[in-house]
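Both counts, for ligands and for their atoms, begin at 1 and track the order of listing.
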Amino acid sequence: MRSTISLICIFSALAVNGATFAHGTEQHGKAAKNTHQMKKLHAMMPMLSTASARLEKALDEGDTAAAEAATRQILLAIPDLKKSTPHRNIKQKKQYVVLAGDLEQAVSSTLDLAKKRDQAGAKAAFRKAKEACAACHEKFRD
Ligand code: HEC
């Protein structure tokens, strides 16, 4: 009988604690996630910048292997970019994701065209990629 009572005590203590913990974690998790996603974005951008400079140079030089390496680096960052949180116009996250998708598409077709040795086409596609960078910055960068 005594053990049943202590078991009940343990369970209710756990339940109360569990609720407190759950609440605490949720609150903390939310704040931490935003900060984390903002930091991630901040860390990602210089890489996008150097990768797109390398892509541009590779296009100029007709170096398909270098173009592919730079493109891959940009494409690998896109899922994180889509998940990231801008500081400004946060409520328009849908458009943010669309712009990240525009960058993804433009960069992919840049590489496709470069591989086909269509340099003019590749450069035009790359200009579209840079437009996606600029459009996103205009709206979401502070
Ligand atoms: C989907 C939106 C989006 C796209 C697309 C995007 N950026 Fe950004 N970028 C941002 C935001 C938001 C910031 C400001 C982030 C910050 O400072 O935390 C930023 C900041 C930057 C910075 C300044 C460094 C910094 O951390 O503040 C550079 C450089 C940059 N981006 C380069 C690029 C390049 C190059 C491309 C295209 C190849 C690109 N970005 C595409 C959203 C985007």
Under 4.0 Å to a heavy atom of Phe140 - the qualifying atoms of ligand 1, by number
12 (C)
d(Leu113 CG, Gln119 CD) to nearest 0.5 Å is 11.5 Å
Which pair of heavy atoms, one from Pro86 and one from Ile90, lies closest together, and at what distance?
O-CG1, 3.1 Å
So the atoms of ligand 1 within less than 4.0 Å of a heavy atom of Leu48 turn out to be 35 (C), 39 (C), 41 (C)
Which residue holds the protein heavy atom closest to atom 11 (C) of ligand 1, what is that atom called, and what is the gap in Å?
Leu41 CD2, 4.0 Å
Hydrogens and angles aside, do Thr85 and Tyr96 bring a side-chain donor and acceptor to less than 3.5 Å of each other?
no
In short, Ala125 meets Ala106 closest at the heavy-atom pair O-CB, 3.7 Å
If you measure from each non-hydrogen atom of Cys133 to ligand 1, which part falls under 4.0 Å: side chain, backbone, both or neither?
both
Hey, is atom 8 (Fe) of ligand 1 within less than 2.8 Å of some N/O/S atom on Cys136?
no
Backbone or side-chain N or O of His42 under 3.5 Å from ligand 1 N or O:
yes
Going by an N to O cut-off under 4.0 Å, is there a salt bridge joining Lys57 and Asp60?
no
Does at least one non-hydrogen atom of His87 fall below 4.0 angstrom from an atom of ligand 1?
yes
Answer yes or no: is there an ion pair linking Lys82 with Glu104, defined by an N-O contact shorter than 4.0 Å?
yes
Could you list which atoms of ligand 1 come closer than 4.0 Å to a heavy atom of Ser49?
29 (C), 35 (C)
For salt bridge (charged side-chain N to carboxylate O under 4.0 Å, His left out), just list the numbers for Lys123 and Glu56, CA-CA rounded to whole Å, side-chain angles, deciding distance to a tenth of an Å, and then say yes or no.
CA-CA 8 Å; Lys123 283 190 175 182; Glu56 186 159 29; over 6 Å; no
Would His137 count as being in polar contact with ligand 1, using the rule that some N or O on each side must be under 3.5 angstrom apart?
yes
Tyr96: numbered ligand 1 atoms lying under 4.0 Å from its heavy atoms
1 (C), 2 (C)
Ala122 to Thr110 - nearest heavy-atom pair and separation:
O-CG2, 3.5 Å
Which residue owns the protein heavy atom closest to atom 14 (C) of ligand 1, what's the atom, and how far is it?
Arg141 CG, 3.5 Å
Is it the case that the side chains of Lys83 and Gln37 hold a donor-acceptor pair, with the cut-off being a distance below 3.5 Å and no angle test?
no
Is the distance between atom 8 (Fe) of ligand 1 and the nearest N/O/S atom of Met44 smaller than 2.8 Å?
no
Is the closest heavy-atom distance from Ala129 to ligand 1 below 4.0 Å?
no
Could you identify the single nearest non-hydrogen protein atom to atom 20 (C) of ligand 1 and state the distance to 0.1 Å?
Met45 CG, 3.4 Å
